[in-house]
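Here's the structure we're looking at; comments come further down.
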Amino acid sequence: MEPHSFKKVIIGLIFSMTLLPSSSSSSAPCNFPAIFNFGDSNSDTGGLSAAFGQAPAPNGETYFHAPAGRYCDGRLLIDFVAESFGLPYLSAYLDSVGLNFSHGANFATAGSTIRRQNTTIFQSGASPISLDVQLVQFSEFHTRSKIISKQGVFHKLLPKEDYFSKALYTFDIGQNDLTAGYKLNLTTEQIKAYVPDVLLQLSEAVKRLYDQGGRTFWIHNTGPVGCLPYVLDRFLTSATQLDKYGCGSPFNEVAQYFNQRLKDVVIQLRKQLPLAAITYVDVYSVKYTLISQAKKLGFELPLIACCGHGGKYNFNNSLRCGGKITVKGKEILIAKSCGNPSVRVNWDGIHFTEAANRWIFQQIASGSFSDPPLPLKMACHLSKDGAMNKFR
């Protein structure tokens, strides 16, 4: 080998080692300096609000005491993830006022899907910021962060360059891809048929982030959509479709199919991306446990929206949480919050309450519902096919 070629190999090896997640032979917890999140309304901290108007009150009432870009009475799972590492709550990439991106950014927007939808947000509620767009935004953010840091302007508001390889990359997206099929009156089998294509696009997204230096990925599966008042109110056709807890079995069947295929995708990604630590998180099981065992866990009315108006599930798609009507020229809030969100599971028919999010986070952070079964604080450790891969 020529001297200059040997030098290139050595430099390449050194660079690769700097991108390696922490060695699993060490018990040291991970120290993520930043988080980059991709998702939908389950993890949107202000993206859709920045683009199309603030999520109205009473959203945010429990913790922020005012609307805070979240479709929840308070904090989301991603907020608890950030808290657990001592990081500030993630600022939405689309927001532009008084924000700090030094410890990451949130590219999620409510209504987002993995696969682009042939519709508008005004027609179906689908966000134009699908996962591929979120990836474009991340790439732009990464590139411009480098440029601005070199210029020395606003560099304190952006992540340091090495943060991009040391960060935690989180995904919570896919639910809207499934419900999009129901809006088109597709059957369970027809929705299942397009799941592989949806997951192929998710897989490509992870690979693109890996190519840009991402090394630690925390991927949530999708929850039991058949237990959401929104789905039960809009798409349920027969009481025979309900399970013993009142959830819609066909909808949950599709979610479980999606999740099994997602787990297979994660296994393949581990083989294809040898330097990546990829954790599959079974949020479905945690959420279904909370709903089915609500009373035992200190919650009540798990299938009834806390904030809403009318109907069996306190959900009206035309008058969602915060909805108002005008009477004699005066606006009157109709879709109000319930008295005590702290004992309720569902916030607005679609999303979970802060109390539910906290309980869910406590379960998934322990690693009991993860593959590999590692606590969140150990997620940077390399794994292979769900088993620890020790580096000596």
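Everything quoted here is computed from the prediction, not taken from an experiment.
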Donor-acceptor pair between Ser49 and Gln54 side chains, under 3.5 angstrom: yes
Shortest non-hydrogen separation from Ala92 to Thr45 and the atoms involved: N-OG1, 4.0 Å
Short side-chain to backbone donor-acceptor contact, Thr222 and Gly174, under 3.5 Å: no
Working for side chain to side chain contact (heavy atoms under 4.5 Å, CB included), residues Gln175 and Leu228: CA-CA 11 Å; Gln175 177 175 306; Leu228 298 177; 3.6 Å; yes
Side-chain (Asn252) to main-chain (Gly226) donor-acceptor, under 3.5 angstrom: yes
Side-chain (Thr143) to main-chain (Glu140) donor-acceptor, under 3.5 angstrom: no
Nearest-0.5 Å distance that lies between atom CD in Glu161 and atom OG in Ser145: 8.5 Å
Lys192 atom NZ, neighbour heavy-atom count above 12 within 6.0 Å: yes
Ala110 to Ser127 - nearest heavy-atom pair and separation: O-CB, 3.3 Å
Asn37 vs Val81 side-chain heavy atoms within contact, under 4.5 Å: no
Tyr210 six-ring centre to Arg215 NZ/CZ under 6.0 Å and within 45° of normal: yes
Main-chain N/O of Ala255 paired to Asn259 side chain as donor or acceptor, under 3.5 Å: yes
Euclidean distance, Ile360 CD1 relative to Ser285 OG, rounded to 0.5 Å: 12.0 Å
Full working for side chain to side chain contact (heavy atoms under 4.5 Å, CB included) between Leu131 and Gln201: CA-CA 8 Å; Leu131 184 58; Gln201 295 188 39; 6.0 Å; no
Derivation and outcome, side chain to side chain contact (heavy atoms under 4.5 Å, CB included), residues Asn221 and Phe258: CA-CA 8 Å; Asn221 67 13; Phe258 176 95; 5.6 Å; no
Side chains of Leu376 and Ile364 in contact at under 4.5 Å (non-hydrogen atoms): no
Side-chain donor or acceptor of Tyr313 paired with backbone N/O of Val231 under 3.5 Å: no
Pairs meeting criterion side chain to side chain donor-acceptor pair (under 3.5 Å) with involvement of residues 128-139, two or more places apart: Ser112-Gln134, Arg116-Asp132, Ser130-Asp132, Ser139-Gln212
Check: Arg75 side chain, Asn357 main-chain N or O, donor-acceptor pair, under 3.5 Å: no
Residue pair Gly214 / Tyr169: nearest heavy atoms and the distance that separates them: CA-CE1, 3.5 Å
From Val345, Ile291, Leu232, Asn346, residue fulfilling side-chain contact (heavy atoms from CB on, under 4.5 Å) relative to Cys227: Ile291
Min side-chain heavy-atom separation Glu61-Ser337 under 4.5 Å: yes
Closest non-hydrogen atom pair, Leu99 against Ser96: CD1-N, 4.0 Å
Within 6.0 Å of NZ in Lys336, more than 12 heavy atoms from elsewhere: no
Neighbour count above 12 (heavy atom, 6.0 Å) for Lys183 NZ: yes
Donor-acceptor pair, side chain of Tyr245 and main chain of Gln293, under 3.5 angstrom: no
Gap separating the CZ atom of Phe32 from the NE2 atom of His103, nearest 0.5 angstrom: 15.0 Å
Flag side-chain contact, heavy atom, 4.5 Å: Asn59 against Trp347: yes
Backbone of Phe369 reached by a side-chain donor or acceptor of Asp282 within 3.5 Å: no
Pro128 to Ile121 - nearest heavy-atom pair and separation: CD-CB, 4.4 Å
Gap between atom CG of Leu168 and atom CG of Asn31 - 0.5 Å precision: 12.0 Å
More than 12 heavy atoms of other groups within 6.0 Å of Asp211 CG: yes
Heavy-atom side-chain contact between Ile35 and Thr170 under 4.5 Å: yes
For the student: nearest non-hydrogen atoms of Val206 and Leu273, plus distance: CG1-CD1, 4.0 Å
Plane angle bin for Phe107 and Phe141 - parallel if under 30°, tilted between 30 and 60°, otherwise perpendicular: perpendicular
Test item: Leu77 and Phe361 side chains (from C-beta on) under 4.5 Å apart, heavy atoms: yes
Contacts table for residues 67-74: side-chain donor-acceptor under 3.5 angstrom, sequence neighbours left out:
from, atom 1, to, atom 2, distance (Å)
Arg70, NE, Asp79, OD2, 2.8
Arg70, NH1, Ala68, O, 2.8
Arg70, NH2, Asp79, OD1, 2.9
Asp73, OD1, Glu354, N, 2.8
Asp73, OD2, Thr62, OG1, 2.5

Note, Gln363 side chain near Trp359 side chain (heavy atom, < 4.5 Å): yes
Given Tyr93, Phe101, Phe171, Phe36, the one that forms ring pair (Phe, Tyr, Trp, His ring centres under 6.0 Å) with Phe138: Phe36
SG-SG under 2.5 Å, Cys306 vs Cys338: yes
CD1 on Ile191 to CZ on Phe251, rounded to 0.5 Å: 8.5 Å
Distance (rounded to the nearest 0.5 Å) between Ile78 CD1 and Phe38 CZ: 10.5 Å
Worked check of side chain to side chain contact (heavy atoms under 4.5 Å, CB included) between Arg208 and Val136: CA-CA 10 Å; Arg208 286 177 61 185; Val136 169; 4.3 Å; yes
Minimum side-chain heavy-atom gap Leu202-Val265 below 4.5 Å: no
Any donor-acceptor N/O pair, His381 side chain to Ala28 backbone, under 3.5 Å: yes
